[in-house]
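Just so you know, ligand 1 is whichever comes first in the structure, and atom 1 is the first atom listed for that ligand. These numbers come from the heavy atoms of this one structure, side chains and all, not from hydrogens, waters or symmetry mates.
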Amino acid sequence: MSESFIQGLFAERIGGRNHGKSTAIYKFEKIKRAKRAAMAAHPGAEIIDMGVGEPDEMAFPEVVEKLCQEARLPENRGYADNGDAVLKQSAARYMERVCGVKGINPETEVMHSIGSKAALSILPAALINPGDVVLMTTPGYPVFGTHAKYYGGLVHNLPLTEANGFLPDLDSIPADVLAKAKVLVINYPNNPTGASATPEFFARVVAFAKTNNIVVIHDAAYAALVFEGKPLSFLAIPGAKEVGIELHSASKTFNMTGWRCGFVAGNELLVKAYGDVKDNTDSGQFLAVQHAAAFGFDHPEITEKIAGKYSRRMNALVEVLRQAEFNARKPKGSFFLYVKSPKAAVKQDGTRIEFKTAEDISQWLITEKLISTVPWDDAGTYLRFSVTFVAKNETDEKRILNEIATRLGDVKFEF
Ligand SMILES: Cc1ncc(COP(=O)(O)O)c(C=O)c1O
């Protein structure tokens with residue numbers, strides 16, 4: 001059959017004529033395939049899924065109830081466009097109460113998002129011209145960079161290394177790159193490293209942005225999931241609002257990933273530009289969903305409960321992995337435990353299995369141990385374990401963690 005003329009019409013940004021023809025298999029697809037193969041090879045066996053990047057539980061019943069009530073109101077039925085005042089006001093209250101950021105104007109300095117992913121895909125249209133450079137951290141969440149490239153922008157990756165506490169080295173950027181850089185995208189607590197920022201680092205970012213005329217986008221998707229102290233907002237740093245915005249999301253904060261709601265807050269010019277492009281992109285999130293998310297942002301104790309669960313699981317997982325000689329250290333927030341991956345596993349009969357990459361061991365873990373993880377080979381070789389694995393209750397949670405210990409216990413890892 002001859003090829004459809006449509007194949008010749010695809011834009012270069014998605015591969016042009018070659019779109020969809022690549023045979024390369026991407027990381028997450030490889031994990032899925034390995035999981036399916038492991039299930040087929042061991043029917044009925046329990047796969048322990050530590051690779052999930054979203055909460056294992058439903059939204060809290062009071063939030064679901066709020067959605068039901070709001071969904072019945074005729075005034076909520078139509079296009080929300082850039083939103084009404086409810087979420088904007090609750091976001092401003094949340095920024096003050098939870099993040100310690102006073103004086104966010106709900107009318108001009110907040111705008112809802114249909115999730116942070118949507119905001120990260122909209123913002124490049126407001127900022128990126130061909131040839132502009134975006135500074136992104138790697139490993140990381142690539143959405144802003146992908147869209148920046150769609151507009152002809154270039155991405156300069158800043159590696160997150162253990163030596164730097166998984167914070168980017170802003171002094172490492174070559175002068176010619178810096179001259180073309182327009183945007184710095186950061187994310188703390190960080191996916192995948194689990195690292196948290198410090199006020200000193202954020203202050204350095206503000207100074208860097210001012211010196212170099214760079215916009216800062218802080219993706220704070222995991223901001224409130226902290227195990228000690230208060231969430232650290234970029235906007236709490238003096239001068240931050242002059243250079244940037246922060247993206248908050250109900251997804252991880254209130255177990256609402258599928259609901260698609262969050263907000264953008266900070267610099268008025270940036271919020272307005274985001275709103276202008278957004279207005280030409282979507283028609284706003286259903287007001288009932290926005291109002292339920294607003295209910296969440298007014299009830300931070302929900303997030304504290306969720307973070308408490310992750311903290312408990314994290315304590316146990318750190319112990320299990322340390323027993324297996326991984327250099328696991330509990331992060332200060334998020335639900336990710338990021339550990340250096342071993343170079344080899346030695347079985348009791350002396351057989352030595354070598355792992356050249358994190359992907360190698362991740363594949364081995366799923367195939368041989370039925371434990372699913374996410375490998376990262378972008379800046380060193382690391383495995384990401386998520387504590388959002390599914391467990392029926394706390395007893396089951398302990399059983400699963402013991403099961404991991406048992407499965408890892410019959411080999412010796414070499415690092
Ligand atoms: C760093 C980071 N930013 C943004 C998102 C997307 O969040 P949302 O559900 O609000 O679109 C994720 C989701 O995994 C993430 O890890």
ask   = Does K332 make a cation-pi contact with F227, if we ask for NZ or CZ under 6.0 Å from the ring centre and within 45° of the axis?
value = no
Decide salt bridge (Lys or Arg N to Asp or Glu O under 4.0 Å) for E109 and K241; before the verdict, give the C-alpha distance in whole Å, the side-chain angles of both, and the deciding distance to 0.1 Å. CA-CA 9 Å; E109 294 174 340; K241 209 161 71 175; 3.0 Å; yes
Exercise for review: Could you tell me whether H218 and F202 have their ring centroids closer than 6.0 angstrom?
Suggested key: yes
For D298 and K66: C-alpha separation, side-chain torsions, deciding distance, then whether salt bridge (Lys or Arg N to Asp or Glu O under 4.0 Å) applies. CA-CA 12 Å; D298 279 329; K66 181 73 177 160; over 6 Å; no
Measure the acute angle between the ring planes of F263 and F297, then classify it against the limits of 30° and 60° as parallel, tilted or perpendicular.
perpendicular
Output for ligand 1, non-hydrogen cut-off under 4.0 Å, lists G115, S116, K117, Y141, N187, N191, D219, A221, Y222, S249, S251, K252, R260
For residues 128-138, dump all side-chain donor-acceptor pairs below 3.5 Å to protein atoms at least two apart in sequence or in another chain.
{"from": "D132", "atom 1": "OD2", "to": "N129", "atom 2": "N", "distance (Å)": "2.7"}
{"from": "D132", "atom 1": "OD2", "to": "K182", "atom 2": "NZ", "distance (Å)": "2.7"}

